[in-house]
Amino acid sequence: MNPKLRSASSDHLFEAVLQLKTIEECYDFFEDLCTVSEFKAMSQRFEVAFLLARGESYQEIVEKTGASTATISRVKRSLNYGQDGFACVFSRMK
């Protein structure tokens, strides 16, 4: 865990997210929390991570998501050197 991210307000946000039970509740919450651009950026990054984890090429990911190669590279760095948060979620989604 990056200590720069840790705060009482971050903990509070994560506690709130853990209360969501349906996809519809998630849409409602994130629509209230984020701008459309912020939400689209997060969902695009998540999809990029998912596709990278499946072994898809940069070109395939660009075609499927519209993400730039710079975004794909940043997400790949998170997959390779991050806290394994993506891996945790992906293993639970199977």
Side-chain angles (χ1 to χ4, degrees):
M1 165 87 214
N2 182 340
K4 292 179 182 178
L5 297 177
R6 186 79 137 168
S7 70
S9 61
S10 293
D11 287 351
H12 200 210
L13 171 63
F14 296 143
E15 288 170 10
V17 169
L18 290 170
Q19 302 309 305
L20 302 170
K21 293 184 171 54
T22 67
I23 289 176
E24 193 59 41
E25 286 179 355
C26 290
Y27 273 108
D28 292 344
F29 179 77
F30 282 96
E31 186 175 339
D32 288 348
L33 181 66
C34 304
T35 66
V36 171
S37 296
E38 290 167 337
F39 179 77
K40 286 186 174 191
M42 285 191 300
S43 59
Q44 182 187 60
R45 286 185 196 121
F46 183 78
E47 190 65 16
V48 166
F50 181 76
L51 296 171
L52 282 169
R54 282 194 350 195
E56 299 208 19
S57 71
Y58 274 41
Q59 187 58 40
E60 291 170 317
I61 295 169
V62 167
E63 290 170 6
K64 289 180 179 179
T65 67
S68 68
T69 55
T71 294
I72 297 168
S73 180
R74 280 192 297 274
V75 172
K76 185 172 185 174
R77 201 168 25 252
S78 292
L79 281 170
N80 292 333
Y81 303 107
Q83 300 296 314
D84 292 328
F86 285 126
C88 175
V89 170
F90 296 153
S91 71
R92 292 178 185 172
M93 291 177 74
K94 292 182 180 179

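Predicted model, so just to flag it, every value in this text is computed and none were measured. We use all heavy atoms of the structure for the numbers below, so side chains are in, but hydrogens, waters and symmetry mates are not.
- A distance-only check finds a donor-acceptor pair linking the side chain of S10 to the backbone of L5 [under 3.5 Å].
- Evaluation of the side chain to side chain donor-acceptor pair (under 3.5 Å) rule for S91 yields no partner, not counting sequence neighbours.
- Side-chain N/O atoms of S7 and S9 include a donor and acceptor closer than 3.5 Å.
- Residue pairs that meet the salt bridge (charged side-chain N to carboxylate O under 4.0 Å, His left out) test with at least one member in residues 3-13, sequence neighbours left out, are R6-D11.
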**Prompt:** Can you check side chain to side chain contact (heavy atoms under 4.5 Å, CB included) on F50 and F86, steps first, answer last?
**Reply:** CA-CA 8 Å; F50 181 76; F86 285 126; over 6 Å; no

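- Closest approach of F29 to L13, counting heavy atoms only: CZ-CD1, 4.0 Å.
- For E15 and Q19, the side-chain atoms include no donor-acceptor pair closer than 3.5 Å.
- With contacts defined as side-chain heavy-atom distances shorter than 4.5 Å, the pair M42/F30 qualifies.
- Taking both residues in full, the closest heavy atoms of V48 and A67 are given as CG2-CB, 3.7 Å, listed atom of the first, atom of the second, then distance.
- Listed by first and then second residue, the salt bridge (charged side-chain N to carboxylate O under 4.0 Å, His left out) pairs involving residues 47-56 are R54-E56, E56-K64 (not counting sequence neighbours).
- No continuous path of hydrophobic side-chain contacts links L33 to L18 [ILVMFWY only; heavy atoms under 4.5 Å].
- Sorted by first and then second residue, the pairs that involve residues 72-86 and meet side-chain hydrogen bond (donor to acceptor under 3.5 Å, both in side chains), not counting sequence neighbours, are T71-R74.
- When the side chain to side chain contact (heavy atoms under 4.5 Å, CB included) test is applied to I23, the partners found at least two apart in sequence or on another chain are Y27.
- Residues I61 and V75 fail the side-chain proximity criterion, which asks for heavy atoms closer than 4.5 Å.
- Shown here are the side chain to side chain contact (heavy atoms under 4.5 Å, CB included) partners of E25, two or more places apart in sequence or in another chain: L20, K21, T22.
- Distance CZ/R45 to OG1/T65: 11.5 Å, rounded to 0.5 Å.
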